[in-house]
Structures are given as C-alpha cells and as structure tokens.
Amino acid sequence: MEKIAFLGLGRMGLPMARRLASGGWPLTVWNRTPGRVPEPVEGLVEAADPAAAVRGAGVVVTMLADPAALAAVAGQITAELAPGTVWVEMSSVGPAAVAEVRAQLPDGVGLVDAPVLGSVGPAGTGGLTVLVGGGPVDVERVRPVLERLGRVVDCGGPGAGAALKLVAIGAIVGGVAVVAEALALAGSLGLPEELAGGVLAAGPLGGLVARATAVDADFPVRLAAKDLALAGGGPVLGAVRERLLAHPELAEQDLARWVDAVRAGG
C-alpha cells in the first residue's frame, strides 16, 4: 500500500490518521504543534515539517483549520509533490480556497476536495460522510482511502465537495440555532423542557434536536462561525454567525454548549 502523508492532527485529523494507519497504509504525519501523536502507532511516523512529510508520498491528505492554514501549508509542500501524487484536501475551507491550491499544483499532480460531515467519534471509526469533488481518475485513485474514513458521496467536479460542505454546514448550524431559540421560547412560556424537546424531536426537526443536545460531539463554536463566514449566505445565516460570536467564552466548546447558553437566556 502506497505511503500517505497526513497533514493536520487536530480534533478530527488525529483519529482519521489513526484510522488509515490501522487499515494498513504507512503514514507520515505532521502537525503545526509537534507531539500530537501521544504514543507509538504502528505505521504512523511524525515528520518535522510538511515538506518532509510529503516526500515520497503517493497520496497527501490535509485536514487543516481554515483557508489561511491551508495556504501556509501549500506554500511549503507544492514544490515537493511528484507527478502522479494526488492531494486530498479534507479541510472545511470552501471552493475558492480549493481552487487557489489547484492553480498552484505542478503538472501531473491531482487534487480531490473531500471535506467531511461528522464529529470526532465517527472520525475514528469510519463513520464520516465524505463529500468528494474532483476529476474521475483522481477520485477513483483515492477512493479506497476515503472509503476507509466513511461513506463517500460523489458530488461532481473539482470544488463540488467543498461547496456542498458549506451548504450542509450552513443548514445544520442554522437549524441548530432555530432549535436553540425554540427551546428558549418554550422556557420563557413556562413549558417543561422535556415536553417541548420531545415534541420537536418527534417531528421533522428530530435530527437537529439530537445535534443541539449532543453530549459526545466536538465541533467548536469558532469553527461553526468560520464555516458560516465562508458560506456567505443571507441574513439568517449572518444573524446566526453574529449570535455565535457573541459568546467568545464558548469558542472552543462544542456547538451544543452554545445551545445551552441560548436556552439559559444568553
């Protein structure tokens, strides 16, 4: 199995890298803050810098925080990518950032955008939804890697996966905000939380209620706000983003903790 370079060992990246290593791929990994691999993992070697990580890799995976982080890493690895390499960009950065990276690639290097839906638990068990955009040859080349991480949804040509991620996350975060305000309204009207939540959960908002009240998810509020900024969107999503940013003390907490603050009158 060909070598994979995995760049970005954050909340999602580390369990994803471990998942690939456990599937038999040899991985060289890198993270901006070193030492993210707390104990030896068979098939996983930590590199000193991004350029060293990608040398000799047939597949390069990036799972980074934002477009600025992606641009910084791209500036360090692009010249090291050999013809025949496929770069799988799995960060939530939007189609414009993906297009900028694609324009910098050497001849013979492919790029597949494959952001994911799901949280830390599914990242380690292969339970993610992987939204894939790219040329057919490149996508088929990396499909076994992506299928190890989750259910692959073919979205279309280059940038389509990154675009659909913004659509999906906008709907999810916006819907969670609606549920938060509905539960806050129920409280202000003197209705028991269990009653209101149960009725909402039994209807078409059931999935959003589950996400709004999750105790095992790990999608920080600051990243939700970042994704809404990338999406642009209309007045509703803009207002949701402003509400998220109004709680800076929750920036590193999961979105459900923001819901708790709204329900409490915040």
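We number each residue from 1, following the sequence as shown.
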Practice problem: Could you state whether Leu7 and Val101 fall into the same hydrophobic cluster, counting links through intermediate Ile, Leu, Val, Met, Phe, Trp or Tyr residues with side-chain heavy atoms under 4.5 angstrom apart? | Solution: yes
Self-check item: Residue pair Ala53 / Ala5: nearest heavy atoms and the distance that separates them
Solution: O-CB, 3.3 Å
Quiz prompt | Pairwise side-chain contact, Val137 with Arg141, heavy-atom cut-off 4.5 Å (strictly under) | solution = no
Quiz item: If you take all heavy atoms of His247 and Ala261, which pair is closest and at what distance?
Solution: CE1-CB, 3.9 Å
Quiz item: Does the side-chain hydrogen bond (donor to acceptor under 3.5 Å, both in side chains) test come out yes or no for Glu89 and Ser91, once each step is laid out?
Solution: CA-CA 6 Å; Glu89 209 316 282; Ser91 320; 2.6 Å; yes
Practice problem: Mind running salt bridge (Lys or Arg N to Asp or Glu O under 4.0 Å) on Arg263 and Glu181 for me, showing each step along the way? | Solution: CA-CA 7 Å; Arg263 290 158 66 184; Glu181 294 207 352; over 6 Å; no
Self-check item: Donor-acceptor contact below 3.5 Å, side chain Arg241 vs main chain Ala225
Solution: yes
Self-check item: Interatomic spacing from CG in Leu128 to CZ in Arg151 - rounded to 0.5 Å
Solution: 11.0 Å
Quiz prompt | Leu20 and Met16: CA distance, side-chain angles, deciding distance, side-chain contact (heavy atoms from CB on, under 4.5 Å) verdict | solution = CA-CA 6 Å; Leu20 293 176; Met16 291 168 66; 5.8 Å; no
Self-check item: Arg257 side chain vs Val215 backbone, donor-acceptor pair below 3.5 Å
Solution: no
Quiz item: What's the spacing between Thr213 OG1 and Leu183 CG if we round to 0.5 Å?
Solution: 8.5 Å
Self-check item: Leu223 side, atom CG; Asp254 side, atom CG - distance, nearest 0.5 Å
Solution: 10.5 Å
Practice problem: Look at the side-chain heavy atoms of Ile, Leu, Val, Met, Phe, Trp and Tyr, link any pair under 4.5 Å apart, and say whether Val139 and Val98 land in one connected group. | Solution: no
Quiz item: Can you find a heavy atom in the side chain of Leu70 that is under 4.5 Å from one in the side chain of Met63?
Solution: no
Exercise. Would you indicate whether the side-chain heavy atoms of Leu164 and Pro115 approach each other to under 4.5 Å?
Key: no
Practice problem: May I ask whether Val145 and Leu111 are part of the same hydrophobic cluster, defined by side-chain heavy atoms of I, L, V, M, F, W, Y residues being less than 4.5 angstrom apart, directly or through others? | Solution: no
Quiz prompt | Val73 and Leu64, any side-chain heavy atoms less than 4.5 Å apart | solution = yes
Quiz item: Is Leu208 close to Val178 at the side-chain level, that is, under 4.5 Å between some pair of heavy atoms?
Solution: no
Exercise. Quickly, which of Val61, Ile4, Val132, Val59 forms a side-chain contact (heavy atoms from CB on, under 4.5 Å) with Val142? Name it, please.
Key: Val59
Quiz prompt | Option among Asp49, Thr85, Leu81, Thr62 that satisfies the side-chain contact (heavy atoms from CB on, under 4.5 Å) test with Val54 | solution = Leu81
Exercise. Verify side-chain contact (heavy atoms from CB on, under 4.5 Å) between Val60 and Val88, making sure each step is shown before the conclusion.
Key: CA-CA 6 Å; Val60 174; Val88 183; over 6 Å; no
Quiz item: Can you name the nearest heavy-atom pair linking Ala160 to Cys155, along with the distance?
Solution: CB-O, 3.6 Å
Exercise. Check whether any side-chain N or O of Trp258 sits under 3.5 Å from a backbone N or O of Arg243 as a donor-acceptor pair, and report yes or no.
Key: yes
Quiz prompt | same_hphob_cluster(Leu244, Val259) at 4.5 Å side-chain heavy-atom cutoff | solution = yes
Exercise. Please step through side-chain contact (heavy atoms from CB on, under 4.5 Å) for the pair Trp87 and Val112, ending with a clear verdict.
Key: CA-CA 6 Å; Trp87 181 344; Val112 171; over 6 Å; no
Quiz item: Taking a hydrophobic cluster as the set of Ile, Leu, Val, Met, Phe, Trp and Tyr residues connected by side-chain heavy atoms closer than 4.5 Å, whether directly or through intermediates, do Val86 and Trp30 fall within one such cluster?
Solution: no
Quiz prompt | Interatomic spacing from CD1 in Ile169 to CG in Leu117 - rounded to 0.5 Å | solution = 6.5 Å
Exercise. Quick one: closest heavy-atom pair of Gly110 and Asp138, and the distance?
Key: CA-OD2, 3.5 Å
Exercise. Taking all non-hydrogen atoms of both residues into account, name the closest pair between Ile77 and Ala51 and its distance.
Key: CG2-N, 4.0 Å
Quiz item: If you take all heavy atoms of Trp25 and Glu2, which pair is closest and at what distance?
Solution: CD1-O, 3.5 Å
Quiz item: Hey, are the side chains of Arg148 and Ser22 touching, using non-hydrogen atoms and a 4.5 Å cut-off?
Solution: yes
Quiz item: Does the side chain of Pro15 reach to within under 4.5 Å of the side chain of Val120, using non-hydrogen atoms?
Solution: yes
Self-check item: Under 3.5 Å donor-acceptor, Asp113 side chain and Ala162 backbone
Solution: yes
Quiz prompt | Distance in Å, Leu191 CG paired with Leu185 CG, rounded so as to fall on 0.5 Å steps | solution = 8.0 Å
Quiz item: Is there a donor-acceptor pair closer than 3.5 Å between any side-chain N or O of Thr78 and the backbone N or O of Gly75?
Solution: no
Quiz item: Backbone N or O of Gly56 within a donor-acceptor pair of the Lys3 side chain at under 3.5 Å?
Solution: no
Exercise. Enter the distance from Thr28:OG1 to Arg55:CZ here, rounded to the nearest 0.5 Å.
Key: 11.0 Å
Quiz item: Do Met90 and Met12 have side chains that get closer than 4.5 Å, going by heavy atoms?
Solution: no
Self-check item: Residues Asp227 and Ser92: side-chain donor-acceptor under 3.5 angstrom
Solution: yes
Quiz item: Does the side chain of Ser119 pick up a donor-acceptor pair with the side chain of Arg11 at under 3.5 Å?
Solution: no
Exercise. List the steps and the verdict of side-chain contact (heavy atoms from CB on, under 4.5 Å) for Val45 and Leu27.
Key: CA-CA 6 Å; Val45 177; Leu27 264 70; over 6 Å; no
Quiz item: Okay, side chain of Gln104, backbone of Glu100: is any donor-acceptor separation there less than 3.5 Å?
Solution: yes
